[in-house]
Amino acid sequence: MKVGIVGAGKRFFNVYKPILEKMQCSMFVWNRTKQKVESLKGQKGYVLVEDIVDFEDLEIDLCLCFLPPSINYSVLSDIEIDCPLLLETPVVDQRWLQKNNVGVLEQWIYLPVEQFKENVYESKMISRPYWVFNDGRSFEYHAIAQLRKYCQHQIPKTFKGHLQNVENEKGYINKNGEKSFQNYAWMHGNATLENGSFLTYNFSYSCKTTKLKPFQMLRAYSSDGSIISGRSQEMDNDYELFEVRYCDSERNVVCEKVRREAKNDTTISLSLGKLKWKNKYHHLNFSDQQTAIAYLIKDASVGKLYSAKNAYLDNLTMNAMKQAANNNSVLKL
């Protein structure tokens, strides 16, 4: 695959470069400050692009833009790139919504655990949820993207919010073994989706470091079942508390713990339901986040995009819940 890179900063070098190299991609790199990409000059698989307008004449399969959201439209809007263009999150400029072939680098919905959940819904084992709930697990618009994906990207219509600052007078020992007096700054938000489904967002970043609130989960409740994933003792292990509940052919309630032998394992499966997700990048020994990015890139190269509109609505949902909290009001889209 031939991939264009617009803006080669830390995000590219630290996150995407190792993944694209392992996927054996050829990269055409442009950066406004030429000195920052000098290290790539002459390296196998890299071509340095002198002028950003040169992307119009390159035969590439995909173009990744790592420019800040505040300037990416002004830099790229007049350039005709003949392939999918992927922006970094968040999408803040409405003008991107009018552009064809523009997607977003929202890797959280491509995590193996999230892909497996989508397989469960697509299998019709249970119906799409009426209530989706982020219980301190995922942050900001990434959480909204995950929750809306369960509901097939239903458009949010009304928003409520509440800010809560909980003082920690006695302190606690954090994950580094140090005593901390950090307060719990909670953001609570609700959104009603177009089909009547209900979205709940609860998050405090302090929960990532405290041992006092170990349960961090994503929950989705359907009329005929539920899917819950999250962690308790192990950081970043969403299989620690992963279960699916559904009705069998006799309408008995079945509770299955989702199996995964180890991180980077080839498959995720239900012990009874014969439902499996197979990791086609298992041989590259990616982490879950790297695997998510690899799947995102592969999908985008064949035109399967997480749209700029969806990413814009994810960010709008977070901002609307915060505004509703600040104004003590109900907002409508």
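Nothing fancy with the numbering, it's 1 onward along the sequence.
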Apply the test side-chain contact (heavy atoms from CB on, under 4.5 Å) to residues Y16 and I297: give CA-CA distance (whole Å), side-chain angles for both, the deciding distance (0.1 Å), then the verdict. CA-CA 10 Å; Y16 282 83; I297 288 169; 4.3 Å; yes
For L147 and L218, run side-chain contact (heavy atoms from CB on, under 4.5 Å): C-alpha distance rounded to whole Å, both residues' side-chain angles, the deciding distance at 0.1 Å, then the answer. CA-CA 8 Å; L147 298 177; L218 289 167; 4.1 Å; yes
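- The environment of CG in N183 is crowded: more than 12 heavy-atom neighbours from other residues, nucleotides or ligands sit within 6.0 Å.
- When hydrophobic clusters are built by joining Ile, Leu, Val, Met, Phe, Trp and Tyr residues whose side-chain heavy atoms come closer than 4.5 Å, directly or via intermediates, V75 is grouped together with L85.
- Between Y150 and Y121, the angle of the ring planes lies from 30° to 60°, which puts this pair in the tilted group.
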Run the numbers on M318 and Y201 for side-chain contact (heavy atoms from CB on, under 4.5 Å), then give the verdict. CA-CA 9 Å; M318 278 306 310; Y201 173 90; 3.7 Å; yes
Assess the residue pair I293 and Y281 against the criterion (side-chain contact (heavy atoms from CB on, under 4.5 Å)); give the C-alpha distance rounded to whole Å, side-chain angles, the decisive distance to 0.1 Å, and a yes or no. CA-CA 11 Å; I293 290 172; Y281 295 106; over 6 Å; no
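- Under 4.0 Å is where a charged nitrogen must lie from a carboxylate oxygen, and between K34 and E38 no such pair does.
- Using a 4.5 Å heavy-atom cutoff, the side chains of F286 and N279 are not in contact.
- Side chains of Q146 and S138: a donor on one and an acceptor on the other come within 3.5 Å.
- Taking CG from L64 and CZ from F28, the interatomic distance works out to 13.0 Å, rounded to the nearest 0.5 Å.
- From Q98, atom CD reaches atom NZ of K309 across 10.0 Å, with rounding to the nearest 0.5 Å.
- Applying the under-4.5 Å side-chain rule to Ile, Leu, Val, Met, Phe, Trp and Tyr, the cluster around W131 extends to Y130, F133, F198, F215, M217, Y221, I228, L241.
- V330 and M321 fall into different hydrophobic clusters, where Ile, Leu, Val, Met, Phe, Trp and Tyr side chains are chained together by heavy-atom contacts under 4.5 Å.
- Taking the side chain as every heavy atom from C-beta outward, I71 and R32 approach each other to under 4.5 Å.
- With values rounded to the nearest 0.5 angstrom, R95 atom CZ is found 7.5 Å from S74 atom OG.
- A side-chain donor from one of Y246 and E256 sits under 3.5 Å from a side-chain acceptor of the other.
- The side-chain hydrogen bond (donor to acceptor under 3.5 Å, both in side chains) analysis of residues 293-306, with sequence neighbours excluded, yields the pairs Y110-D299, Y306-D314.
- Using a 4.5 Å heavy-atom threshold, the side chains of Q115 and I268 count as separate.
- Minimum interatomic distance between V258 and F116 (heavy atoms only, all atoms of both residues): CG2-CE2, 3.8 Å.
- Contacts classified as ring pair (Phe, Tyr, Trp, His ring centres under 6.0 Å) and involving residues 32-61 (residues at least two apart or in different chains) are not found.
- Residue V92 is not grouped with residue L87 when hydrophobic side chains (ILVMFWY) are merged at heavy-atom distances under 4.5 angstrom, including chains of intermediate members.
- Side-chain contact between L62 and P84: present, with at least one pair of heavy atoms (C-beta onward) separated by less than 4.5 Å.
- Closest of all the heavy-atom pairs between N31 and G9 is OD1-N, 4.4 Å.
- Here the closest heavy-atom approach between residue I126 and residue G225 is recorded as CG2-CA, 3.9 Å.
- Between F242 and Y239, the angle of the ring planes lies from 30° to 60°, which puts this pair in the tilted group.
- Q164 places no side-chain N or O within donor-acceptor distance of the main-chain N or O of H188, the cut-off being under 3.5 Å.
- Rounding to the nearest 0.5 angstrom, the gap separating the CD atom in Q154 from the CG atom in N195 is 3.5 Å.
- Here the shortest heavy-atom pairing between I81 and C63 reads CD1-SG, 4.0 Å.
- Here the straight-line distance linking atom CG of L313 with atom OH of Y141 works out to 15.0 Å at 0.5 Å rounding.
- Using a 4.5 Å cut-off on side-chain heavy atoms (C-beta onward), V113 and D288 make no contact.
- Residue V6 comes nearest to I52 through the heavy atom pair CG1-CD1, 3.9 Å, listed as atom of the first residue, atom of the second, then distance.
- For E234 against R231, the heavy-atom pair with the smallest separation is O-CB, 3.2 Å.
- The line from CG of D51 to CD1 of I79 is 8.0 Å long, rounded to the nearest 0.5 Å.
- Evaluation of the salt bridge (charged side-chain N to carboxylate O under 4.0 Å, His left out) rule for E118 yields R128 as partners, not counting sequence neighbours.
- Residues V91 and N315 have side chains not in contact (no heavy-atom distance under 4.5 Å, counting atoms from C-beta outward).
- Screening residues 78-108 for ring pair (Phe, Tyr, Trp, His ring centres under 6.0 Å), with sequence neighbours left out, gives Y73-W96, W108-H142.
- Applying the salt bridge (charged side-chain N to carboxylate O under 4.0 Å, His left out) rule to E114 yields the partners K117; only residues at least two apart in sequence or on another chain are considered.
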